[in-house]
Amino acid sequence: MDLKEAARIALDSASPLAAEWIGLEDALGRVLAEELKARLNIPGEPRSRLDGFALRSEDTSSAAPDHPVLLEVLPGMLAAGNVEERSLNGGQCIRIMTGSAVPPGADAIVPQEKVRKEGNRIAVDRPFPRGHGLARRGEDIRAGESLMGRGEILTPTRLALITALGISRISVYRKPKVALIATGDEVREMGEAMDGPWTICNNRFLLSWLVHIQGGCPVQLGVVKDDPRAIAARLADLQADLVITTGGMGPGDRDFVLESWNKLGVKSLFTQINLSPGKKSALGIKGNQLFWGLSGNPWAARAVFVELIAPVLWRLQGLGVEKPTFPAAAASHLKNESGFHKVVRGSLDLRRPVPSFIPVTKSDESLFSTLINSFAYIILEPHVVEVAQGSSVEVHLHDFPLLARPLVDGGGSGL
């Protein structure tokens, strides 16, 4: 099946999950499930922007360098959190600090460095208009103002704004719960003996971390041997929105994931896609659960996750599904002889005026050394035979977290 058609089928099988109410301290990275409006004005009253003297602007209207106005300084000083009940009369002022509420009768603040102190009076040598040095009521946030819409990702800055309103609980979409299972007689868990032709189960952990940074809740369910009954038993009655298995997807005599799906009544929506790597990937559905069968190769599984599964997780959380991409110039000539959508790994160099995509090339270096900094990739579509050096390409990032999407979305992220 074509990759784009597989993506459409996967997204058509997913709908936003139910909303839940949570405390603000647990809301980082979550997605709003309803519009959020301000319940009050911030500030709730006019406040001073600076250290100086609160006064009536009309008292300074005739002030001039050669004819300063003298104003009586009332005793005391106003600081943030103070409440002043005295009202200023004509010719009076009072010392005030940044953030303090302005006393009754005052409508301007004169900076302390713009006056001359003369005993219990100050001399003002120029007019100061109404509102000078003041933060107006509701200047930061107005009561009733729409702050964020449904589908907005809650970043630290957005949460700080909500906190300023005194809102302690908000409605967010439930996190998708994702069960992760590795299959294979050769697969071993971390800490197990490796005195044989075994493989450490890193693909399940890779997927777990990818689920986590895309807003999901991963549930590790360990390794299952290559036995259709054992795999089916592990997959049965799971309390999860998505179930992902790795391994057991080939045509061999020891590949049993699809057989296990049949035992459980999972309907296959597709069993192969024209993506390289990642061809042997499948999607099934049973009730409201989606079952993904991925390759045992972690880098093939990662490609399918980023292209197909991550957008499903976004939709389940009430988000749009456009993947963030970055335009760049290909640093070298590229070929696609596979006839598939070909994933080309590499890095994105942002230090130049025009960003550059530097592909990983085959070499004598170890796989580790070539992958460790390959956070970027491009996809060459089946009809693209080659890409010339310097050509424009759209770059994707493997490990780009959900929480960073507002930085590149240019606004709302919702459906």
Side-chain angles (χ1 to χ4, degrees), residues 1-3 5-15 17 176-189 192 198-208 210-211 216-275 277-298 300-305 307-313 315-316:
M1 176 176 287
D2 183 73
L3 175 66
E5 177 65 8
R8 184 194 66 78
I9 290 173
L11 289 172
D12 286 348
S13 303
S15 300
L17 299 173
K177 191 174 182 180
V178 182
L180 298 160
I181 300 168
T183 69
D185 294 340
E186 78 285 6
V187 181
R188 292 293 182 270
E189 293 279 26
E192 290 187 336
W198 321 127
T199 299
I200 287 288
C201 184
N202 68 330
N203 54 6
R204 199 184 74 237
F205 289 96
L206 169 66
L207 292 170
S208 175
L210 289 171
V211 167
C217 181
V219 180
Q220 293 278 13
L221 296 178
V223 175
V224 184
K225 298 295 184 183
D226 287 322
D227 180 320
R229 289 171 296 182
I231 296 172
R234 188 68 61 89
L235 295 178
D237 301 322
L238 293 176
Q239 300 301 308
D241 303 293
L242 273 67
V243 179
I244 302 177
T245 56
T246 62
M249 289 299 301
D253 294 336
R254 303 294 294 171
D255 295 312
F256 297 122
V257 168
L258 296 181
E259 181 180 337
S260 302
W261 284 10
N262 289 333
K263 290 180 179 294
L264 295 172
V266 176
K267 177 185 176 182
S268 294
L269 300 180
F270 57 78
T271 57
Q272 286 192 32
I273 52 177
N274 65 339
L275 177 68
K279 174 184 176 182
K280 296 180 175 62
S281 301
L283 172 63
I285 188 169
K286 180 181 180 183
N288 293 324
Q289 281 186 320
L290 294 179
F291 288 75
W292 290 88
L294 305 184
S295 167
N297 180 319
R302 180 180 68 171
V304 176
F305 181 94
E307 284 300 305
L308 297 181
I309 301 179
V312 168
L313 292 176
R315 174 155 289 180
L316 291 173

* Residue pair W292 / A10: nearest heavy atoms and the distance that separates them -> CH2-CB, 3.8 Å

* Structure fact -> Separation between OG1 (T183) and CG (D255), nearest 0.5 Å, reads 7.5 Å

* Least distance between heavy atoms, V223 atom then C201 atom -> CG2-SG, 4.1 Å

* Asked: How long is the gap from CD1 on I244 to CZ on R204, to the nearest 0.5 Å?
  -> 12.0 Å

* To do: Using the side-chain hydrogen bond (donor to acceptor under 3.5 Å, both in side chains) rule, collect all pairs that involve residues 229-250, keeping only residues at least two apart or in two chains.
  => R174-D241, N203-T246

* To do: Enter the distance from S208:OG to N202:CG here, rounded to the nearest 0.5 Å.
  => 12.5 Å

* L207 and L294: side chain to side chain contact (heavy atoms under 4.5 Å, CB included), yes or no, with the steps? -> CA-CA 10 Å; L207 292 170; L294 305 184; 4.1 Å; yes

* To do: Could you grab the distance from atom CZ of F270 to atom CG of L308, nearest 0.5 Å is fine?
  => 5.5 Å

* Between D227 and D185, does a side chain to side chain contact (heavy atoms under 4.5 Å, CB included) hold up when you go through it step by step? -> CA-CA 9 Å; D227 180 320; D185 294 340; over 6 Å; no

* To do: Check S260 against P228 and note the closest heavy-atom contact, atom names and distance.
  => OG-O, 3.2 Å

* To do: Identify the heavy atoms of A179 and L238 that sit nearest to each other, and give their distance.
  => CB-CD1, 4.0 Å

* Structure fact -> All heavy atoms of P311 vs all of E307, minimum pair found to be CG-O, 3.6 Å

* Asked: How long is the span from the CD atom in E259 to the CD1 atom in I231, to the nearest 0.5 Å?
  -> 8.5 Å

* Please indicate whether K225 has more than 12 foreign heavy atoms, meaning atoms of other residues, nucleotides or ligands, lying under 6.0 Å from its NZ. => yes

* Structure fact -> Between the CG atom in L269 and the CZ atom in F291, the distance rounded to the nearest 0.5 Å is 11.5 Å

* Candidate pair D226 and F256, rule side chain to side chain contact (heavy atoms under 4.5 Å, CB included), full reasoning -> CA-CA 7 Å; D226 287 322; F256 297 122; 4.2 Å; yes

* Go through the steps to decide whether L242 and L316 satisfy the test side chain to side chain contact (heavy atoms under 4.5 Å, CB included), and finish with yes or no. => CA-CA 10 Å; L242 273 67; L316 291 173; 3.5 Å; yes

* Asked: Is there side-chain contact between V178 and I309, with heavy atoms separated by less than 4.5 Å?
  -> no

* **Note, F305 side chain near V211 side chain (heavy atom, < 4.5 Å)** => yes

Contacts under 3.5 angstrom, residues 278-288 side chains, donor-acceptor by atom type, not counting sequence neighbours:
from : atom 1 : to   : atom 2 : distance (Å)
S281 : OG     : G278 : O      : 2.7
K286 : NZ     : L264 : O      : 2.7

* Smallest separation among heavy atoms of I181 and L235, with atom names -> CD1-CD2, 3.5 Å

